[in-house]
Visitor: 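There's a structure below that I have some questions on.
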Amino acid sequence: MNDREQVRSLLTLAAEPPGDPLIAPVQELVIRARVHRRRRQVALAAGLTLVAVLTVTIPVSLLTRNPRPAGIITQPALTPAPSAYPTTGPASAAEIARGHWSRLPAAPIPGRSNPAAVWTGREMLVWGGAAGAKEQDLRGDGAAYDPAAGRWQTLPAGPLNPRTAMGSVWTGQAMFIWGGYDHVAQDRFHATATGALYIPASRTWRALPPAPLPARVYPTAAWTGSEVVVLGGRPAVSTAADGYLDAAAYNPATKRWRTLPVIPSQAGHTVTNSVALAAANHIYAWLSWQHTEQHGDMSTGSAGTDLLRYDPSTEHWTRLATTGDTPRGLSDPVWTGQEIVMPAARTTCGGGCPMQVGLHGERLDPASNTWRPIAHGPVDDVIPLSWWTGAALLSFDNNAFIGGSSAVYPGAAA
């Protein structure tokens, strides 16, 4: 799935002994950075800061199961259940609402933004990231948190130089890390094309062979069940419209990369952003685009989003024509095992967007390519971080600088 799995899973699988009632999350969840980045990665950094301080109490029985890491594609056919999602039971909305917040022990590594972080089914692994007032201090250290034991453990030193804004994903056996900034200064930004795997079972690192992709920051890494697909991202120094459309896949078993077909974009559409998700035996990619036409001294512009699907069996990308209430903006999609959920996001408008209210998420049935709206949520208008728990969508307002009302503030959740 996407690189948001780590926080989602920790929140849904963590167990703490009963403690104090709900305590307000810390306010400073977003660290200002001079590094140019998309809102998606800033949100990820904020979410990791939240997890470093607080965790939701969920029944201990959840820790005893062996969850399939998000993004693994194993089901042979699309058989969406006709019934609604459960309203009771482990990790459901009702179960979470009865929980409380409790503090995590202090981590053995300094705070940072934009690290690689994944959930293994037992631990949260965090490595790398940026620290310092201007995020100029890149980190090359990491730690693992075990919520059942309530303990942190420092990760061994690895083969990678310090970095931030890399692609990362859990493969079922290892944390995959590739790309990112390996140098950040006021007058210099440098991206890398190196990567490594960290294997928790042996507490060892393994350097990746050279990838067939140029260096980049903020790539998307998705696990298909046999390969890590890396796509998207931006160069170290970028404009508003120069996202990468190439892709490659790394097979941990064979230790080899292979080049994938370039994601097709429409003529005249300049891609400004992309998100991707492994779901329903395919890779889904959303491309935000802008189009400008010059008419004498006047120019007109338009903007929109295209949805494409990659079929590993044919190795082809297909532009999907969907029906229903199509999403008007891009957030980080999640796979529920039955549907793709696109959480609430502001409309793609090509810049200068007015303040938007009444936002809501959408859900896509991959069998019929039909979108259905999700009811407007209490924190949707502030574009929250969202994760799938297995029976509910968790959304958090992580923005420390905006909040529309007394009911929507940094730390509010639904």
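The analysis underlying the following values was restricted to heavy atoms, covering all of them including side chains, and did not include hydrogens, waters or symmetry mates. These figures come from a predicted structure and were not determined experimentally. When a residue number appears, it is its place in the shown sequence, counting from 1.
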Visitor: Within this structure, what is the CG-CE distance for the pair N114 and M166, rounded to the nearest 0.5 Å?
Guide: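 Answer for the CG-CE pair, N114 versus M166, is 8.5 Å.
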Visitor: Between R112 and D141, is there a side-chain heavy-atom distance shorter than 4.5 Å?
Guide: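 SC-SC contact between D141 and R112 confirmed.
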Visitor: Would you call R372-D365 a salt bridge at under 4.0 Å N-O?
Guide: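 D365 and R372: not salt-bridged.
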Visitor: Pair T224, V229 - check side-chain contact (heavy atoms from CB on, under 4.5 Å), show working.
Guide: CA-CA 7 Å; T224 71; V229 173; 3.7 Å; yes
Visitor: Find the distance between CD (Q136) and CZ (R188) and round it off to the nearest 0.5 Å.
Guide: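 Reported to 0.5 Å precision, the distance equals 15.0 Å.
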Visitor: For side chain to side chain donor-acceptor pair (under 3.5 Å), just list the numbers for W286 and T305, CA-CA rounded to whole Å, side-chain angles, deciding distance to a tenth of an Å, and then say yes or no.
Guide: CA-CA 7 Å; W286 287 259; T305 300; over 6 Å; no
Visitor: Counting N and O atoms only, with roles assigned by atom type, does the side chain of R206 sit under 3.5 Å from a partner on the main chain of P252, one being a donor and the other an acceptor?
Guide: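 Between the backbone of P252 and the side chain of R206 there is a qualifying donor-acceptor contact (under 3.5 Å).
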Visitor: Tell me, with the steps shown, if D380 and H360 meet side chain to side chain donor-acceptor pair (under 3.5 Å).
Guide: CA-CA 6 Å; D380 281 354; H360 60 83; over 6 Å; no
Visitor: Among side-chain atoms of E135 and S113, is any donor-acceptor pair under 3.5 angstrom?
Guide: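 Checked: E135/S113 side chains pair up, N/O donor to acceptor below 3.5 Å.
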Visitor: Taking C-beta and beyond as the side chain, do Y284 and L320 meet within less than 4.5 Å on heavy atoms?
Guide: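 Yes, side chains in contact.
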Visitor: When you look at NE2 of H316, are more than 12 heavy atoms from neighbouring residues, nucleotides or ligands closer to it than 6.0 Å?
Guide: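 Result for NE2/H316: open.
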Visitor: Between NE2 of H190 and OH of Y181, what distance do you get to the nearest 0.5 Å?
Guide: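 Separation between the atoms: 11.5 Å.
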Visitor: Given side-chain contact (heavy atoms from CB on, under 4.5 Å), test L213 with W178 step by step and report yes or no.
Guide: CA-CA 11 Å; L213 299 172; W178 185 85; 3.9 Å; yes
Visitor: Pairing donors with acceptors under 3.5 angstrom, does anything connect the side chains of R163 and T194?
Guide: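 Yes, because at least one side-chain N or O of R163 sits under 3.5 Å from a partner of the opposite role on T194.
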Visitor: Show your working on ring-ring contact (aromatic ring centres under 6.0 Å, His included) between W205 and W127 and close with a plain yes or no.
Guide: CA-CA 12 Å; W205 288 86; W127 184 89; 5.8 Å; yes
Visitor: Working to the nearest 0.5 Å, report the span between CE of M124 and CG of L104.
Guide: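 The distance works out to 7.5 Å.
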Visitor: Check this for me: does any side-chain nitrogen of one of R139 and D137 sit under 4.0 Å from a carboxylate oxygen of the other?
Guide: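 Answer for the salt bridge query: yes.
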